[in-house]
Every structure is written in structure tokens, then in C-alpha cells.
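Report on the following structure.
These numbers come from a predicted model, not from an experiment.
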Amino acid sequence: MPTLYVRRVSLKDSLSDAEVAAYWKFFQEEFIPAVMKVPGIRSCKLYSGAGGLRADTIGLIEMDDAGSTSACSPTLEYAP
């Protein structure tokens, strides 16, 4: 059964602009492409809501079934 994983992200105000830029660069250049290589993942998208790049950002991962999230964990290397 198709599943949609939804995660709301709000970054701390204490982060510098460079840290925020590095965070989003990692997501766009490394995290999303890695997730898209996992079997069963249909799409991975980020949407910025009110508040720019620091607040109210929503990540959506559409997958064939909820078990696809288990396949993501060992596949991804998270940034420090």
C-alpha cells in the first residue's frame, strides 16, 4: 500500500547563515539523491512554508509501502 512519510523541520535560530546553507545543501545534494536510490521510494520532496529556510519546512517521501523506510536507514550516511 502506498505510504507518504511527512516530516516538518524547523531549524534553530542560533544557527549561522552558513550552517543553514550547509544543512540545505546536504539535503539537496546528498540526502535526496541517496533516498531516491532506495528500492520502493517513489519521490522525495522538500517544501518551504512561511519563515524562509529556517522554519516551517516540510519533507515528503512517497514510497510503495511503509517498509521502504527500513531500507533507507542502512543506506544513508548522515552528515555530521
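- Proximity of L4 to I61: side-chain heavy atoms (C-beta onward) are nowhere separated by under 4.5 Å.
- Counting all heavy atoms, side chain and backbone alike, R42 lies closest to M36 at O-CE, 3.6 Å.
- Residues W24 and L46 share a closest heavy-atom pair of CZ3-CD1, 3.6 Å.
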Worked verdict on L15 versus Y23 for side chain to side chain contact (heavy atoms under 4.5 Å, CB included): CA-CA 10 Å; L15 294 175; Y23 181 85; 6.0 Å; no

Let me see the working for V9 and I58 under side chain to side chain contact (heavy atoms under 4.5 Å, CB included), right down to the final yes or no. CA-CA 6 Å; V9 178; I58 298 173; over 6 Å; no

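- The structure places NZ of K45 at 7.0 Å from CD of E62, a figure rounded to the nearest 0.5 Å.
- Looking at every heavy atom in both residues, C44 comes nearest to F31 through SG-CE2, 4.5 Å.
- Rounded to the nearest 0.5 angstrom, T3 OG1 and D64 CG are separated by 8.5 Å.
- Side chain of E19 to main chain of S16: a donor-acceptor pair is present (N/O by atom type, distance under 3.5 Å, no hydrogens or angles).
- Atom-to-atom distance recorded for Y5:OH and L60:CG is 11.0 Å, nearest 0.5 angstrom.
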